[in-house]
There are 2 protein chains.
Amino acid sequence: MNRNFSKQRETILKVIKDAEKHLTTDDIFAAAKKQSPSIGIATIYRNLQLLEEDKQIQKTQLDNGKTYYEPYIGPHHHLVCTKCGKITHVTEPDFKLCVTCIENKNQVKINKISTTIYGECC
Amino acid sequence: MNRNFSKQRETILKVIKDAEKHLTTDDIFAAAKKQSPSIGIATIYRNLQLLEEDKQIQKTQLDNGKTYYEPYIGPHHHLVCTKCGKITHVTEPDFKLCVTCIENKNQVKINKISTTIYGECC
DNA sequence: TGTTAAATTAATATTGATTATCAGTTTCGA
DNA sequence: TCGAAACTGATAATCAATATTAATTTAACA
């Protein structure tokens, strides 16, 4: 599908790029409303999908069921504080797994690895 | 809360223990209905919680939002086929991360690590 | 064994997040 | 500028999970 330029989509993208933390759908809805007061929730969901397809933003669904969005930065993993809820990133080399070991042993072609680490940071 | 013996709870536990794969809530509801045709969905959810508290079963919420149950075996990780949906387990040493590295660098006390690996097995 | 309070049940209403539908509006290339 | 495709906001529909409630079952104990 070809994209048209839409003010609402730009607003949503800006909200996510300007945020210094992971945002929920509600966070995005609230922030977008300040720019476009008449924006509807359906427009939020629709554009989050489109922006994700275009690799402009990235969706993270933690295993507690909550969904967060952040600007696209490629594959990485999350560390979530179970007390204050703060979400930070975990990168190599702290996190390491033998992809080829798993591929060989299980006869699979791995295409995505998703890890969430829970702990207390405060 | 003290537990009473309940036929329904035993049925649900048996369903999960007898299954040779990860079950969704609907799978469990359907299977339990064969034993106790009058069982309600609320009873399923309530007992899944209780059985999980008692460490008799284990809940896995994949990052696509789907929830699965299996008999309790302690911490482990999952490999999901994106084609056939088959779920298998991934164990050390194929999967390894430096818990203390992450703890020191981020000043956290880690209490849970959840990883889902996606690939094609067929 | 009979009584009784606590635990459990099935049915149903409610919630919360997300998706589908739809009629009207906007965008943009020919 | 015209028209098809993309997009919008409102709202209905869906889906998983939780809360409520009145009736039933369990098990401790008199």
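In what follows, chains are A, B, ... by sequence order, proteins preceding strands, each numbered from 1.
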- Sorted by chain and number, sequence neighbours left out, side chain to side chain contact (heavy atoms under 4.5 Å, CB included) with N111(B) holds for T82(A), Y118(A), E120(A)
- Task: Return the residues of residues 37-51 of chain A meeting this criterion: a heavy atom under 4.0 Å from some atom of DNA chain C. Order them by number, or give none.
- Result: A42(A), Y45(A), Q49(A)
Between side-chain atoms of residues 12-23 of chain B and protein atoms elsewhere (two or more places apart, or another chain), which donor-acceptor pairs fall under 3.5 Å?
from	atom 1	to	atom 2	distance (Å)
K14(B)	NZ	D18(B)	OD2	2.5
H22(B)	NE2	E70(B)	OE1	3.2
H22(B)	NE2	E70(B)	OE2	3.4
H22(B)	NE2	H78(B)	NE2	3.1
H22(B)	NE2	H89(B)	NE2	3.1

- Message: Using a 4.0 Å cut-off to any heavy atom of chain A, which nucleotides of DNA chain D are the first and last in contact, reading 5' to 3'?
- Response: dA6(D) to dT11(D)
- According to the salt bridge (charged side-chain N to carboxylate O under 4.0 Å, His left out) rule, which pairs have a member within residues 38-56 of chain B, sequence neighbours left out? R3(B)-E53(B), R3(B)-D54(B)
- Along DNA chain D (nearest heavy atom to each residue), the more 5'-positioned of T25(B) and R3(A): R3(A)
- Apply side chain to side chain donor-acceptor pair (under 3.5 Å) to T24(B) and list each qualifying residue two or more places apart in sequence or on a separate chain. D27(B)
- Message: Whole angstroms only, please: what is the CZ-P distance between F29(A) and dG16(C)?
- Response: 15 Å
- Apart from Y72(A) itself, what residues make up its hydrophobic cluster when side-chain heavy atoms of I, L, V, M, F, W and Y under 4.5 Å apart count as a link, directly or indirectly? none
- Chi angles and distances behind the side chain to side chain contact (heavy atoms under 4.5 Å, CB included) call for V80(B), L62(B): CA-CA 9 Å; V80(B) 181; L62(B) 299 188; 3.6 Å; yes
- Note on the structure: In whole angstroms, the gap separating C1' of dT19(C) from NZ of K59(A) amounts to 11 Å
- May I ask you to decide if I39(B)'s main-chain N or O and T43(B)'s side chain share a donor-acceptor pair within less than 3.5 Å? no
- Query: Can you pull the salt bridge (charged side-chain N to carboxylate O under 4.0 Å, His left out) pairs that have at least one residue in residues 108-117 of chain A, sequence neighbours excluded?
  - Reply: E103(A)-K109(A), K112(A)-D63(B)
- Okay, side chain of H77(B), backbone of T115(B): is any donor-acceptor separation there less than 3.5 Å? yes
- Message: List the residues meeting side chain to side chain contact (heavy atoms under 4.5 Å, CB included) with C84(B), not counting sequence neighbours, and say none if there are none.
- Response: C81(B), K86(B), C121(B), C122(B)
- The correct set of residues in residues 4-16 of chain A placing a heavy atom under 4.0 Å from DNA chain D is N4(A), S6(A), Q8(A), R9(A)
